[in-house]
Amino acid sequence: MTEIVTSATAQMLAASSRFLSASQTWPDPATGFAFMTCTLSGADVPAFMSKPLRQTSALSLRRTPELAAYGFAASRCDERTRSEWLDGLTHLRGREILTADRQSFVSSPLEVLGIASGIVAFGCPQDDRAWYAETLGRAILEGLLSGAVSRLAASVALEQMKSGSGAAAGTQIDLATLRTPDLITVIAIQLCYQTDALPRVETLAAALLRRCLDSPVPINDALEAVVLSVVARRIAERAAVTEAANPVEFIVHLCRRFPLFARQLQCRQRSRVPMTVEDEYDVQDMLHAILRLSFDDVRAEEHTPSYASNSSRLDFYLPSQRIVVEAKMTRKGLGQRKVVDELLIDVGRYGSMPKVDTLICVIYDPEGECRNPVAIENDIENSGSRLKVRVIVCPRGM
């Protein structure tokens with residue numbers, strides 16, 4: 001990675017970190033969309049998002065920004081908030097939505113997508129769901145949306161609700177003419193929804209990086225901070241893997257992105273049954289397939305030498321690279337402490353294998369059982385073994 005790109009990504013990460021460490025409203029539309037972006041892209045979740053949601057009310061939830069904020073954060077809402085959110089959406093039906101001056105919430109990408117997310121997550125009644133889909137469809141067809149990003153958001157919202165099939169495909173986005181805040185919003189949309197209407201995230205990230213190389217990009221809200229952080233980390237990781245040609249760093253890079261792989265298998269075409277990750281064996285099978293894409297000799301379930309009077313099988317052994325890969329999946333009853341204990345035993349066991357130099361430990365933590373993933377990674381990596389130990393908790397957050 002060239003020095004100028006290294007400097008730019010470092011500045012992006014530093015600026016994002018400073019912004020996200022400051023006081024934030026949690027949730028509002030920006031922090032809510034940022035939360036969804038972190039969750040669906042496998043990125044670290046900022047510390048403030050681990051705190052309880054601020055209190056809202058039935059009256060507040062009659063406002064579209066509030067509906068959007070809690071729609072994005074639906075997975076954190078209690079039953080009372082869910083009930084009041086659904087009542088707020090029903091109340092919205094009684095208002096004049098599509099105004100000629102284009103001042104309606106339907107021209108706000110974050111509000112449109114946040115409400116659609118809540119409709120899906122909260123199990124909205126079909127009448128309200130159909131009304132919202134019809135409203136967005138009319139806004140698109142009648143040209144009542146101000147700007148390409150607003151039209152994109154409405155189309156993606158319809159896709160998300162399984163209405164207006166293919167609506168986003170007709171949305172044209174000229175990246176060169178977008179203001180930088182709009183480009184960042186477009187990247188967030190692609191990270192979360194993976195629509196065919198947009199270029200791949202890598203292409204969008206490159207466009208944003210070019211702007212950051214020209215001049216520092218000011219950060220206006222939490223969504224912009226999170227997107228800049230995700231883009232900077234992906235550019236840095238990809239460049240490090242390409243330049244170093246280091247198999248350890250390459251495997252670590254793949255494992256960090258395992259949640260994206262698992263998520264993609266749940267989004268199958270033509271109404272096929274989703275492929276879900278139910279337990280540790282599923283994680284191991286998927287990881288085995290991923291490793292076989294890049295390494296010719298991947299040996300599964302090799303026997304290990306006796307350790308503390310017990311022998312066992314390791315998950316994957318790459319003899320040419322002298323690497324062992326262990327995979328764990330947290331669940332109720334196998335949380336942070338127990339996972340650490342198991343992996344420390346593995347570190348001791350594999351340390352007695354003369355043909356192994358590196359142990360890579362992957363902890364898939366979809367439900368956030370690991371409350372301090374950074375501590376887990378640091379504690380196991382610094383356990384004093386002769387091995388080089390790398391630990392990946394993914395997604396690393398919550």
K.L.:
Please list all pairs passing the side chain to side chain donor-acceptor pair (under 3.5 Å) test where one or both residues lie in residues 218-227, with sequence neighbours left out.
P.N.:
N220-E224
K.L.:
Within the distance-only criterion (no hydrogens, no angle test), does the side chain of R331 pair as donor or acceptor with the backbone N or O of E280 below 3.5 angstrom?
P.N.:
no
K.L.:
Just wondering, more than 12 heavy atoms not from R386 lying within 6.0 Å of its CZ?
P.N.:
yes
K.L.:
Quick one, C192 and F33 - any side-chain contact, counting heavy atoms below 4.5 Å?
P.N.:
yes
K.L.:
Answer yes if V374 and I380 sit in the same cluster of Ile, Leu, Val, Met, Phe, Trp and Tyr residues linked by side chain heavy atoms under 4.5 Å apart, and no otherwise.
P.N.:
no
K.L.:
Mind checking whether Y281 and M329 have side chains closer than 4.5 Å, heavy atoms only?
P.N.:
no
K.L.:
Once you round to the nearest 0.5 Å, how far does CD1 of I235 lie from CD of E202?
P.N.:
10.0 Å
K.L.:
Stepwise, does the side-chain contact (heavy atoms from CB on, under 4.5 Å) test hold for L287 with D315?
P.N.:
CA-CA 10 Å; L287 190 58; D315 287 347; over 6 Å; no
K.L.:
Quick test of your reading of the model: are D346 and R349 salt-bridged, counting only N-O distances below 4.0 Å?
P.N.:
yes
K.L.:
Do T90 and D87 meet the criterion of a side-chain donor-acceptor pair at a distance under 3.5 Å?
P.N.:
no
K.L.:
Can you tell which of D128, D127, T135 makes a side chain to side chain contact (heavy atoms under 4.5 Å, CB included) with W131?
P.N.:
T135
K.L.:
Would you mind checking if E377 and R390 are paired as a salt bridge, meaning a charged N to carboxylate O distance below 4.0 Å?
P.N.:
no
K.L.:
When rounded to the nearest 0.5 angstrom, what distance separates CD in Q190 from OG1 in T185?
P.N.:
13.5 Å
K.L.:
Please check if any side-chain donor atom of T31 sits under 3.5 Å from a side-chain acceptor atom of D28, or the reverse.
P.N.:
yes
K.L.:
Taking all heavy atoms of S150 and all of S107, pick out the closest pair and write down the distance.
P.N.:
OG-O, 2.7 Å
K.L.:
For the ring pair W85 and Y70, is the centre-to-centre distance below 6.0 Å?
P.N.:
no
K.L.:
From D285 CG over to D282 CG, what is the distance, rounded to the nearest 0.5 angstrom?
P.N.:
6.5 Å
K.L.:
If I take atom NE2 from residue H288 and atom CZ from residue R299, how far apart are they, to the nearest 0.5 angstrom?
P.N.:
11.5 Å
K.L.:
By the salt bridge (Lys or Arg N to Asp or Glu O under 4.0 Å) test, which pairs, at least two apart or in different chains, include something from residues 46-69?
P.N.:
R54-E66
K.L.:
A quick test of your reading: do over 12 heavy atoms of other residues, nucleotides or ligands sit less than 6.0 Å from CZ of R337?
P.N.:
no
K.L.:
Decide side-chain contact (heavy atoms from CB on, under 4.5 Å) for S229 and L13; before the verdict, give the C-alpha distance in whole Å, the side-chain angles of both, and the deciding distance to 0.1 Å.
P.N.:
CA-CA 5 Å; S229 176; L13 288 169; 3.8 Å; yes
